[in-house]
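In what follows, a structure is listed as structure tokens, so that the remarks can point back to it.
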Amino acid sequence: MSTRIAFLKGHGTENDFVIVPDPDNAIDLSPAAVAALCDRRAGIGGDGLLHIVRSAAHPEAKAMAAEAEWFMDYRNGDGSIAEMCGNGARVFARYLRHAGLVPEGDLAIATRAGVKSVHLAKDGDITVGMGRARLPEGDVAVSVGERSWPARNVNMGNPHAVAFVDDLAHAGDLYSPPTFGPASAYPDGVNVEFVVDRGPRHVALRVHERGSGETRSCGTGACAVAVAAVRRDGADPSVTGSPVTYTVDVPGGRLLITERPDGAIEMTGPAVIVAEGEINPEWLENVAH
């Protein structure tokens with residue numbers, strides 16, 4: 001392990017991340033090490049970790065290296081591996097720009113959910129091409145305490161259950177995962193969004209992210225919510241032929257989600273680098289096992 005391990009801290013609509021630049025994939029980040037780094041009292045603190053690696057240096061991304069130089073090796077706050085993180089993709093792109101590794105404009109980022117297109121605008125906002133939603137068949141439901149709601153099963157490269165509720169407080173404290181059924185709908189767990197209407201094409205959410213608990217924002221969750229709201233409201237662009245944009249308020253800010261007639265979904269929002277420093281390698285070695 002290198003004697004100097006750099007890190008940065010960043011957030012996208014207050015979904016915060018520990019950033020570990022490691023172009024050559026030389027740092028062994030075990031699940032225990034990631035969980036320790038993301039610990040808000042004993043570590044740096046974050047909802048997740050962005051391990052920044054050149055695609056050619058990572059076995060999971062080598063096949064994408066011709067399309068995207070950089071691979072977002074994303075980990076949840078508990079150390080588990082995740083396919084994709086929308087807010088994380090914006091912060092990932094912000095880091096690459098901050099480090100002088102990419103210019104403003106268009107950028108391709110490799111993820112476990114495929115290559116994602118990103119645009120870094122001059123005004124600071126970052127747009128991420130989130131791919132197309134899949135809408136698995138079958139009814140699902142989520143429950144908190146005595147309350148239960150039907151939910152929309154939306155897959156954005158990772159699984160979501162979207163429930164429209166009368167009051168966001170009905171989601172409870174979200175310390176523990178809401179229960180869901182049937183279990184077969186989400187064999188690997190699920191991100192659960194609770195949604196209320198704020199106005200025409202304007203919704204607000206709270207989310208429990210699997211492996212992280214309630215977070216201040218979830219990019220793929222905001223996309224899943226917009227997709228579910230679009231279908232509920234009869235505005236499916238594949239039917240109308242016109243793109244549709246929803247404003248999605250998250251506890252940490254605001255995102256704009258656009259779905260196009262071909263099904264492509266774009267998410268636009270801010271991303272900020274707030275600090276940088278060095279990880280104590282001896283400490284990391286001790287917590288890595």
Side-chain angles (χ1 to χ4, degrees), residues 7-21 38 40 44-52 70 72 74 76-77 82 84-109 111 113 116-131 156-158 168 191 193 195 198-199 201-207 209 212 214-227 229 243-260 264-276:
F7 82 92
L8 299 89
K9 181 73 184 285
H11 77 91
T13 49
E14 297 182 12
N15 198 183
D16 64 331
F17 308 96
V18 178
I19 304 163
V20 179
C38 291
R40 296 192 181 281
I44 296 166
D47 292 322
L49 183 142
L50 296 167
H51 184 209
I52 296 179
W70 296 98
M72 185 175 82
Y74 182 68
N76 292 315
M84 171 61 183
C85 175
N87 289 317
R90 294 202 318 281
V91 175
F92 188 98
R94 172 64 67 221
Y95 164 76
L96 294 177
R97 182 73 192 100
H98 171 83
L101 297 169
V102 300
E104 290 176 344
D106 295 328
L107 170 69
I109 293 174
T111 77
K116 302 299 179 185
S117 299
V118 177
H119 181 79
L120 295 93
K122 291 188 184 303
D123 66 5
D125 273 354
I126 297 175
T127 298
V128 179
M130 300 291 287
M156 288 297 309
N158 56 0
L168 290 178
N191 304 285
E193 288 81 26
V195 189
R198 292 285 191 240
R201 296 186 179 178
H202 185 182
V203 296
L205 68 79
R206 288 178 64 200
V207 57
E209 290 194 61
S212 297
E214 182 172 17
T215 59
R216 300 286 292 168
S217 182
C218 177
T220 55
C223 293
V225 164
V227 166
V244 60
T245 298
Y246 272 65
T247 299
V248 181
D249 291 342
V250 297
R254 176 169 288 179
L255 297 166
L256 296 179
I257 312 297
T258 298
E259 184 174 0
R260 304 200 175 279
I265 297 168
E266 296 173 348
M267 174 187 63
T268 300
V272 181
I273 301 294
V274 299
E276 50 190 306

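These numbers come from a predicted model, not from an experiment.
Side-chain contact between N158 and N191: present, with at least one pair of heavy atoms (C-beta onward) separated by less than 4.5 Å. Contact check for T268 versus I126: no side-chain heavy atoms found under the 4.5 Å cut-off. D106 is not listed as a side-chain neighbour of V118, based on a closest heavy-atom distance of 4.5 Å or more. Contact of the T111 side chain with the Y74 side chain is not registered, since no non-hydrogen atoms from C-beta on lie closer than 4.5 Å. Taking 4.5 Å as the limit, some side-chain heavy atom of W70 sits within range of a side-chain heavy atom of I52. Residues V227 and E259 are in side-chain contact: their nearest non-hydrogen atoms beyond the backbone lie under 4.5 Å apart. Counting heavy atoms from C-beta on, the side chains of M84 and M72 come closer than 4.5 Å. In this structure, the side chains of R260 and P243 come closer than 4.5 Å at one or more pairs of heavy atoms.
A side chain to side chain contact (heavy atoms under 4.5 Å, CB included) with V225 is found for one member of V250, V195, V207 and no other, namely V195. With R90 as the partner, the side chain to side chain contact (heavy atoms under 4.5 Å, CB included) test is satisfied by one option alone out of D125, V272, L255: L255. Paired with P270 under the rule side chain to side chain contact (heavy atoms under 4.5 Å, CB included), one option of T13, N87, V91, D123 passes, and it is T13.
Here R40 pairs with D47 in a salt bridge; the nearest charged N to carboxylate O distance falls below 4.0 Å. Ion pairing between R206 and E193 fails under the 4.0 Å rule for side-chain N and carboxylate O.
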**Request:** Test side chain to side chain donor-acceptor pair (under 3.5 Å) on E104 and H119 and set out the steps.
**Result:** CA-CA 8 Å; E104 290 176 344; H119 181 79; over 6 Å; no
**Verdict with supporting geometry, T258 and L256, side-chain contact (heavy atoms from CB on, under 4.5 Å)** = CA-CA 7 Å; T258 298; L256 296 179; 5.6 Å; no
**Asked** Is there a side-chain contact (heavy atoms from CB on, under 4.5 Å) between F17 and L49 once you walk through the steps?
**Response** CA-CA 5 Å; F17 308 96; L49 183 142; over 6 Å; no
**Message:** Using the rule given for side chain to side chain donor-acceptor pair (under 3.5 Å), can you reason through T127 versus E266, listing the C-alpha separation, both sets of side-chain angles and the distance that settles it, and then say yes or no?
**Reply:** CA-CA 6 Å; T127 298; E266 296 173 348; 6.0 Å; no
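Without hydrogens or angle criteria, R216 side chain to P251 main chain gives a donor-acceptor distance under 3.5 Å. Looking at K9, its side chain does come within 3.5 Å of a backbone N or O of G45 through a donor-acceptor pair. Side-chain N or O atoms of R94 include one that pairs as donor or acceptor with a backbone N or O of G124 at under 3.5 Å.
In terms of heavy-atom proximity, M130 sits nearest to M156 at O-CE, 3.6 Å. The shortest non-hydrogen separation linking L205 to A222 is CD2-CA, 3.9 Å.
Distance check, rounded to the nearest 0.5 Å: CG of N15 to SG of C85 gives 5.0 Å.
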